[in-house]
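What follows is a single structure, written as structure tokens, with notes after it.
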2 protein chains.
Amino acid sequence: MHRKTPLKIIGSNAERTRLHNRKVVLGHLRSHGKLGRAELARLTGLSTQAMSNIIAELESEALILAGERQTKGRGLPAVQYTLNPAGAVALGVEVRPNAILCALVNFLGDTLYTKRIHIESSAPAVVLPAVKTACDEALSSIGKNAPPVLGAGIVMPGPFGRVGLTGAGKAELVGWDDKDPQALFEDVLQVPVRVENDATAAAIAEQTTGSATDLQSFCFVYFGTGLGLGVISNGEILRGAFGNAGELGHVVVERGGRLCSCGNRGCLETYTSRMAAREFLQKRGKSAENQKDLSDLLAVNDPDLEKWICEAADPLAQAIGTLENLFDPEAVILGGAMPPELLERLIAKLNLIDATVSVRADRTLPRVVRGASGWMTAALGAAALIIHDTYIPSISKVA
Amino acid sequence: MHRKTPLKIIGSNAERTRLHNRKVVLGHLRSHGKLGRAELARLTGLSTQAMSNIIAELESEALILAGERQTKGRGLPAVQYTLNPAGAVALGVEVRPNAILCALVNFLGDTLYTKRIHIESSAPAVVLPAVKTACDEALSSIGKNAPPVLGAGIVMPGPFGRVGLTGAGKAELVGWDDKDPQALFEDVLQVPVRVENDATAAAIAEQTTGSATDLQSFCFVYFGTGLGLGVISNGEILRGAFGNAGELGHVVVERGGRLCSCGNRGCLETYTSRMAAREFLQKRGKSAENQKDLSDLLAVNDPDLEKWICEAADPLAQAIGTLENLFDPEAVILGGAMPPELLERLIAKLNLIDATVSVRADRTLPRVVRGASGWMTAALGAAALIIHDTYIPSISKVA
DNA sequence: TTGAATACTCAACTTAATTGAATTAAATCT
DNA sequence: AGATTTAATTCAATTAAGTTGAGTATTCAA
């Protein structure tokens with residue numbers, strides 16, 4: 001993630017073909033739930049015989065389960081296959097400056113275990129062993145004969161590399177600057193590791209288990225430390241050249257507007273983010289340090305919070321218009337470390353621009369939807385990322 | 001393009017594997033220029049034997065040429081293969097409300113022929129036969145024994161489908177609303193057809209023959225009728241759910257700013273576009289109907305044009321900051337139907353935001369670069385799109 | 001009850017990859 | 001200069017994983 005890897009386009013052979021086809025099958029099972037061999041063969045464009053072989057292989061590895069035969073009109077009823085929730089697990093870890101959040105999910109992306117651990121320092125020498133311990137604990141929580149671990153997703157605060165935004169008050173990890181986190185974590189955990197930013201991980205979680213399971217293209221606006229954006233476009237994760245795509249918080253929504261910690265004026269983050277809410281309420285003598293504070297204020301219909309929501313909605317609506325015009329998503333999803341009801345209210349207050357490419361006569365979905373929220377969103381997303389990788393084929397490219 | 005196709009993830013077999021591998025080989029030959037079999041085998045991760053077979057096949061089809069053996073250190077010098085410029089051709093067509101621009105390019109994307117044809121109506125019944133005639137003429141221009149035609153790229157003004165921006169003064173084609181242009185053109189031309197918007201096509205042209213040949217991720221800001229954006233991210237075209245991604249012209253850069261034909265206020269297009277320039281100069285009694293007018297004004301250092309450039313630069317700089325933060329590209333390229341010198345001046349005047357993820361210590365490229373410009377940019381891009389398809393593998397997905 | 005439709009299996013075949021040994025030609029060593 | 005090493009390439013045999021076609025089982029419908 002940290003440095004630009006001139007992506008390598010590689011060829012395919014029989015072995016890679018099978019790997020690809022396995023992923024294709026798992027992907028279809030995920031999105032359809034239940035399918036017979038013949039139908040899978042039709043969906044994938046493979047012969048029923050090939051499908052039979054692949055299914056047999058997947059079943060022998062316990063990644064899928066044979067169900068009842070299901071009668072649908074004439075002919076021999078097809079044996080219905082489903083993903084086996086207990087077929088595999090994935091780890092997800094969010095590394096923050098002062099804490100490590102660890103999650104374990106099953107093959108469907110459902111949560112099996114979560115834990116928060118405080119850390120004194122974010123230096124690699126502290127973080128790596130702590131993560132190792134946390135992961136071991138997570139795995140032992142599910143008993144002796146655990147299913148295979150597909151890998152570990154790690155979420156670290158971006159942006160990656162030394163960029164213009166660095167040092168701009170972002171909650172950064174110290175001591176990681178010249179390190180390759182992927183290699184370090186892989187070394188410690190002894191499983192395949194992927195490193196992503198929080199917003200992207202959350203977006204993948206949303207696609208795996210949340211409100212975007214049917215969406216191929218969407219934007220996930222993530223309320224984290226700042227304001228992030230995860231973009232899935234036609235099923236692919238948008239990462240950008242250096243893995244820093246989606247820095248929504250520093251998109252300028254008001255020329256010459258509020259001074260941001262990055263040095264610019266008018267960044268969206270200064271209006272619409274947890275930080276912005278906290279400062280707004282602080283000035284009015286109210287504390288909003290965490291989600292509970294916000295929930296409490298919301299529960300009593302605090303007028304100041306209400307005022308903030310109104311103030312935050314306009315810049316956000318403008319930014320959403322920009323996202324719609326630039327990415328043409330099926331929907332924009334709002335989620336992250338904000339109380340769900342607050343997100344709902346914010347969405348209700350949005351005065352969306354009515355002339356973007358997303359305003360279509362044939363829309364069925366609302367333009368803006370609430371997604372998963374909570375502390376663990378990013379860590380669960382990190383784990384979902386690993387699950388995602390087993391569904392999404394990518395023969396042609398190798399980092 | 002027009003309707004959302006729930007993209008089909010398909011399996012692979014030996015035949016599709018070979019197709020994939022051929023593309024991979026052609027892609028590497030394109031980006032490296034000259035390569036031997038052994039080196040190609042290493043790059044692609046295939047065996048030298050497999051490479052030998054693929055090379056033999058491609059050579060027999062005249063898509064590649066065997067060159068001299070080239071000595072590099074010890075061992076048997078490798079025969080160097082290159083793409084055969086005359087190995088194949090592709091057609092590109094831009095359909096405008098009042099004209100058809102037709103282009104023919106060779107296998108490297110170099111221009112072989114261009115032509116502009118006036119049309120009285122943009123109705124399918126007029127456009128389709130006119131395009132057919134134009135393409136036939138283009139093909140006959142290169143003589144009798146023409147190489148195989150890979151396909152035709154068609155550029156039509158977006159956005160596609162009935163969206164909020166429709167009817168907002170965009171130069172639209174009438175009579176195409178409920179049609180499937182891809183099928184119609186394929187039927188008439190009898191070659192594979194791809195339909196894209198102008199900005200995306202121009203971006204691909206830039207990657208094939210222009211200043212982005214080494215870039216995997218970039219944003220192409222296209223001065224056309226309005227202001228478009230083509231995004232290539234990690235080698236993939238960003239299209240969005242409905243093919244309407246990149247509607248940069250209607251991104252709001254100034255809240256409550258100038259009234260735009262779309263109904264909103266402060267759209268970038270009202271400040272920075274050909275249209276904006278024309279109106280600005282018109283108010284000052286100067287005509288700027290076409291590129292030549294602008295070139296002439298530029299040549300005499302017209303103070304009004306200079307003033308416009310200054311005025312247009314600020315909103316554009318802000319938008320570029322947004323693109324950098326959202327897409328994290330290697331560079332932003334400016335091109336399209338504007339005189340090259342004007343683009344240069346505009347770039348020189350840009351006061352770029354200095355806190356985006358694109359501001360990196362290790363940058364080698366400038367953040368903003370001038371790209372190809374001229375009338376034919378989009379039509380040539382459409383043709384380049386077809387060439388591009390023969391280089392870029394995409395086993396897994398089918399529209 | 002019989003025939004058509006559908007799912008699935010078995011066995012033979014095909015494609016396109018891999019593997020290992022042999023061949024050629026240049027660079028380096030003695 | 002001649003021997004040795006290195007690298008590119010081909011030849012022949014093998015292998016993985018797909019396809020094809022024939023045959024069986026099960027259900028629906030006439």
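In what follows, every heavy atom counts, from backbone to side chain, and hydrogens, waters and symmetry copies are set aside.
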Any residue meeting side chain to side chain donor-acceptor pair (under 3.5 Å) with [X], in chain and number order, not counting sequence neighbours:
X: A/E57; answer: A/R18, A/R22
X: B/D136; answer: B/K132
X: B/E206; answer: B/S211
X: B/E186; answer: B/Q182

Salt bridge (Lys or Arg N to Asp or Glu O under 4.0 Å): pairs with one or both residues in residues 75-89 of chain B, sequence neighbours excluded
none
Scan for salt bridge (Lys or Arg N to Asp or Glu O under 4.0 Å) pairs involving residues 62-84 of chain A, sequence neighbours excluded, and state none if there are none.
A/E39-A/K72
First and last nucleotide of DNA chain D touching chain A, 5' to 3', heavy-atom cut-off 4.0 Å?
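Going 5' to 3' along DNA chain D, contacts run D/dA17 to D/dA29.
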What residues form a side chain to side chain contact (heavy atoms under 4.5 Å, CB included) with B/N13, not counting sequence neighbours?
B/E15, B/R16
Output all residues satisfying side chain to side chain contact (heavy atoms under 4.5 Å, CB included) with A/T71, sequence neighbours left out; order by chain, then residue number.
A/P77
Identify, with sequence neighbours excluded, every residue that meets ring-ring contact (aromatic ring centres under 6.0 Å, His included) alongside A/F218.
none
Rounding to an integer number of Å, can you tell me how far A/E15 CD sits from C/dT15 C1'?
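Interatomic distance, CD of A/E15 to C1' of C/dT15: 17 Å.
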How long is the line joining CZ of B/R18 and P of C/dT14, in whole Å?
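The answer, rounded to whole Å, is 17 Å.
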OP1 or OP2 of C/dA16 under 4.0 Å from side-chain N/O of B/N21:
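The answer is no; no side-chain N or O of B/N21 sits under 4.0 Å from OP1 or OP2.
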Heavy atoms under 4.0 Å is the rule here; annotate nucleotides 2-12 of chain C 5' to 3' with B where the base is hit, S where only the sugar-phosphate is, and - elsewhere.
--BBBBSBBB-
Base, sugar-phosphate, or nothing: which does B/T71 touch, judged by heavy atoms less than 4.0 Å apart?
sugar-phosphate
Using a 4.0 Å heavy-atom cut-off, does A/N53 contact any base of the nucleic acid, only the sugar-phosphate backbone, or nothing at all?
nothing
Is the side chain of B/S217 donor-acceptor paired with the backbone N or O of B/N234 at a distance under 3.5 Å, no angle test?
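Yes; judged by distance alone, with no hydrogens or angles, the pair exists.
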What parts of residues 57-65 of chain B reach DNA chain D, counting only heavy atoms under 4.0 Å away?
none
Mind checking whether A/L26 and A/F107 have side chains closer than 4.5 Å, heavy atoms only?
yes
